[in-house]
Amino acid sequence: NFTFLDCYRALIFPLLIREGKPTPFFTFVLALLFCVYNGYLQGRSLSNYAEYPSGWLKDPRFITGFIGWLTGMAINIHSDHILRNLRKPGESGYKIPRGGMFEYVSGANFFGEILEWFGFALACCTIESLAFALCTLFILGSRAKQHHQ
């Protein structure tokens, strides 16, 4: 999950964006440090401390979590696609996104990412994955509320 999503967010997504506001360098560095540290914590937790029974991949918690993660990632990627294509080249101004989960929630991209990380937390059943899911909920929830207003 981290490899695919991090590659998507760090390499693919920025190349797909036509235009946008520049990200301040300090914000970029803080985000990079957070992602590196969180990736380390998640990886270390799963590789060194988490213990799963032999049938874990058939456990309802893992299956439900995996489906939640996969659904959240699909919503997130599709919502990003909708957002990237809101304006035609050279166009500016605010536009309300339509389609996909935007028909149900105003911050569909945020909703998808929150669902994704709670699915991950359920599939892993570690305190570290739950902590990251909660941080995601609080950070993206506040951004979603701001965008909705």
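- Going from atom OG of Ser129 over to atom CH2 of Trp69 covers 14.0 Å, rounded to the nearest 0.5 Å.
- In terms of hydrophobic clustering, with Ile, Leu, Val, Met, Phe, Trp and Tyr side chains grouped at heavy-atom distances under 4.5 Å, Phe111 and Ile77 are assigned to different clusters.
- Ring geometry for Phe62 against Phe66 counts as parallel: the plane angle stays under 30°, on a 0 to 90° scale with 60° as the upper cut.
- Across all their heavy atoms, Gly65 and Leu122 have their closest contact at N-CD2, 3.7 Å.
- Going from atom CD1 of Ile82 over to atom CD1 of Ile75 covers 10.5 Å, rounded to the nearest 0.5 Å.
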Would you sort out whether Phe132 and Thr136 count as a side-chain contact (heavy atoms from CB on, under 4.5 Å), showing the intermediate values?
CA-CA 6 Å; Phe132 182 57; Thr136 301; 3.7 Å; yes
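- Among pairs with a residue in residues 48-61, those fulfilling salt bridge (Lys or Arg N to Asp or Glu O under 4.0 Å) read Asp59-Arg61, at least two apart in sequence or across chains.
- Between the side chain of Trp56 and the backbone N or O of Ala123 there is at least one donor-acceptor pair closer than 3.5 Å.
- Hydrophobic cluster membership differs between Leu137 and Leu115, with clusters built from Ile, Leu, Val, Met, Phe, Trp and Tyr side chains linked at under 4.5 angstrom.
- Within the model, atoms CG of Leu134 and CD1 of Ile114 stand 10.5 Å from one another, a figure rounded to the nearest 0.5 Å.
- With hydrophobic clusters built from ILVMFWY side chains whose heavy atoms lie under 4.5 angstrom apart, Phe34 shares a cluster with Trp117.
- A side-chain N or O of Gln42 and one of Asn38 form a donor-acceptor pair less than 3.5 Å apart.
- Thr27 meets the side chain to side chain contact (heavy atoms under 4.5 Å, CB included) test with Thr23, Pro24; sequence neighbours excluded.
- Interatomic distance, CD of Glu113 versus CZ of Arg143, reported as 9.0 Å (0.5 Å rounding).
- Atom CD of residue Glu128 and atom OH of residue Tyr49 lie 9.0 Å apart, to the nearest 0.5 angstrom.
- To the nearest 0.5 Å, atom OG1 of residue Thr71 and atom CG of residue Asn76 are 12.0 Å apart.
- Residue-environment remark: CD1 (Ile127) stays at or below the threshold of 12 foreign heavy atoms within 6.0 Å.
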Could you give the side-chain donor-acceptor pairs of residues 100-107 under 3.5 Å, partners two or more places apart or in another chain?
{"residue": "Glu103", "atom": "OE2", "partner": "Gly99", "partner atom": "N", "Å": "2.6"}
{"residue": "Ser106", "atom": "OG", "partner": "His148", "partner atom": "ND1", "Å": "2.7"}

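- You'll find the side chain of Phe138 stays beyond 4.5 Å of the side chain of Ser142, heavy atoms only.
- No side-chain donor-acceptor contact under 3.5 Å links Tyr52 to the backbone of Cys125.
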